[in-house]
Amino acid sequence: MIQYDHIMIRFGELSTKGKNKKDFIKALFNNIKSALKDWPLLTYDLRYDHIYVGLNEVPYKEVIERLQDVSGIQALSLVFRCLKDIELIKENALKLINEEEGKTFKVKVKRSDKTFPLISDEITRLVAGHILRNNKLLKVDVHSPDILLSIEIRQEAAYIFTHTYLGAGGFPLGIGGKTMHMLSGGIDSPVAAYLMMKRGVAIECIHFASPPYTQAGVIYKIEDILKVLNRYQPRIRLHIVPFTKIQEAIYDHAPESYGITLMRRMMFRLADSLAKRRKCPVISTGESIGQVASQTLQSMVVINAVTNTPIIRPLATMDKTEIIKISQKIGTYDISIRPYEDCCTIFTPRAPKTMPHLDEAEAFEEKFDYDSLIKEALANIETIFIEGETQEQLL
Ligand code: ATP
Ligand code: MG
């Protein structure tokens, strides 16, 4: 039985050229190798506009699934590499199509190597003719074939394939710099983290913990979420900020209705300082317009006023159902719905302000020395690394 021997990887949104293109490809190449490190038999081949993974008899299914999580990949094809000899191409194309199910086919040829003596139309005719003569069950259908047999003639070889899979799209992780991502134990912020990474931005996470109001279990939950996100970024830094004293001070000095507004202003102040310290040019969150009182546009204005650092909100315009769908797809949903209290749910006021005012928020904050509380919290951050387990550790 003839076997596909390579996976051909097509790049994602590569609108850039020159140095940017080089960086894109180099980052993608390294990310691919790192994602596939559990299969030492695989080999890698970097070409001008494709990357090839040599299977060396490794079963392709899991490799393709793993590659579908790597951002920056547009599409993946399972290909058979053969010498640029028309007789060999005809023969192997026939063998490959004989393994496929379907009654109709179409041959599609791309000739990137312009020195190849036959033009695309001639190759198409020769290959299709050979198939029709040798497999009486197959017919040609150029409009909606059951099997699309593609042939690409490139510098180094010819490639024959019938199966193409969609990649994650986006940009290779790392080329977009990094963000300080605010990660709670909820459904939204892990999805927002994934969308940032898909866009090529690496994450560092900041989590505000309020023991004893929040249980230690929240941290395990966060760690489990990050282990799932390790699929997209193998090593993630998590900063756990002690937030209890700040929260207590807010509730001692401000009316309940402003509690959430002030709490979120403190969170942004802390995230901002840490972002600067860690050289993250932006902050990101899982906020979505109107989802709760603190996420109305007016609330966002008042909360956002504590910083000039851009705050990226990948979920800003998404509905909860769309967000849930992504969290199920990436595998964080089941962890997010585990019932642990987070610091927001415990201190949630009965009637939070949906239309807070900046001057009022500032007036309440003047009543206590939040600055030294913030400094103290920053001095007591605990930082840990969450790293992807290898296939062996999982077994
Ligand atoms: P999520 O599902 O992400 O928890 P949410 O719908 O519960 O979001 P909020 O609690 O208002 O909404 O939080 C909005 C955003 O603020 C979160 O998506 C997250 O980015 C950030 N955030 C909230 N709580 C924390 C926390 N304890 N630590 C770090 N970030 C937090
Ligand atoms: Mg939350």
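Atoms within each ligand, like the ligands themselves, are counted from 1 in listed order.
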* Asked: Any non-hydrogen atom of R264 lying under 4.0 Å from ligand 1?
  ->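 Yes, that is the case, since the closest heavy atom of the residue is under 4.0 Å from the ligand.
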Atoms of ligand 1 close to [X] [distance to a heavy atom under 4.0 angstrom, numbered from 1]:
X	result
T285	20 (O)
S294	11 (O)
I206	29 (C)
V292	11 (O)
Q295	9 (P), 11 (O), 12 (O), 13 (O), 14 (C)
G186	1 (P), 2 (O), 4 (O)
I187	2 (O)

Do [X] and [Y] have side-chain N/O donor and acceptor atoms under 3.5 Å apart?
X	Y	value
D113	T115	yes
R264	S299	no
S284	T179	yes

* Asked: Of the listed options (I260, D188, T214, L315), which comes nearest to atom 2 (O) of ligand 1 when hydrogens are ignored and any heavy atom counts?
  ->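 Nearest heavy atom to atom 2 (O) of ligand 1 lies in D188.
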* To do: From atom 22 (N) of ligand 1, work out which of S184, A271, G286 has a heavy atom at the shortest distance.
  =>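 Among S184, A271, G286, the closest heavy atom to atom 22 (N) of ligand 1 comes from S184.
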* Do Y4 and F80 have ring centres separated by under 6.0 Å? ->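 Not under 6.0 Å, so no.
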* Asked: Any chance the rings of Y232 and Y194 have centres within less than 6.0 Å?
  ->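 Y232 vs Y194: aromatic centres under 6.0 Å.
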* Identify whether the distance between the nearest side-chain nitrogen and carboxylate oxygen of R81 and D45 falls below 4.0 Å. =>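 Yes, R81 and D45 are salt-bridged.
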* Asked: D49: what forms a side chain to side chain donor-acceptor pair (under 3.5 Å) with it, not counting sequence neighbours?
  ->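 With neighbours one apart ignored, the set is empty.
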* Asked: Does any N/O atom on M267 come nearer than 3.5 Å to any N/O atom on ligand 1?
  ->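 No; every N/O pair is 3.5 Å or more apart.
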* Asked: Just distances here: any N/O of Q291 and N/O of ligand 1 closer than 3.5 Å?
  ->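 Yes.
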* For the residue pair F11 and H50, categorise the inter-ring angle as parallel (less than 30°), tilted (30 to 60°) or perpendicular (more than 60°). =>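 Ring orientation of F11 relative to H50: tilted.
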* To do: Answer side chain, backbone, both or neither: which part of L183 comes under 4.0 Å from ligand 1, heavy atoms only.
  =>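 The answer is the backbone.
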* Pairs touching residues 266-279 that satisfy side chain to side chain donor-acceptor pair (under 3.5 Å), sequence neighbours left out ->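 Sorted pair list: E204-R278, R269-E365, R269-Y370, D272-K276, D272-T307, D272-T309.
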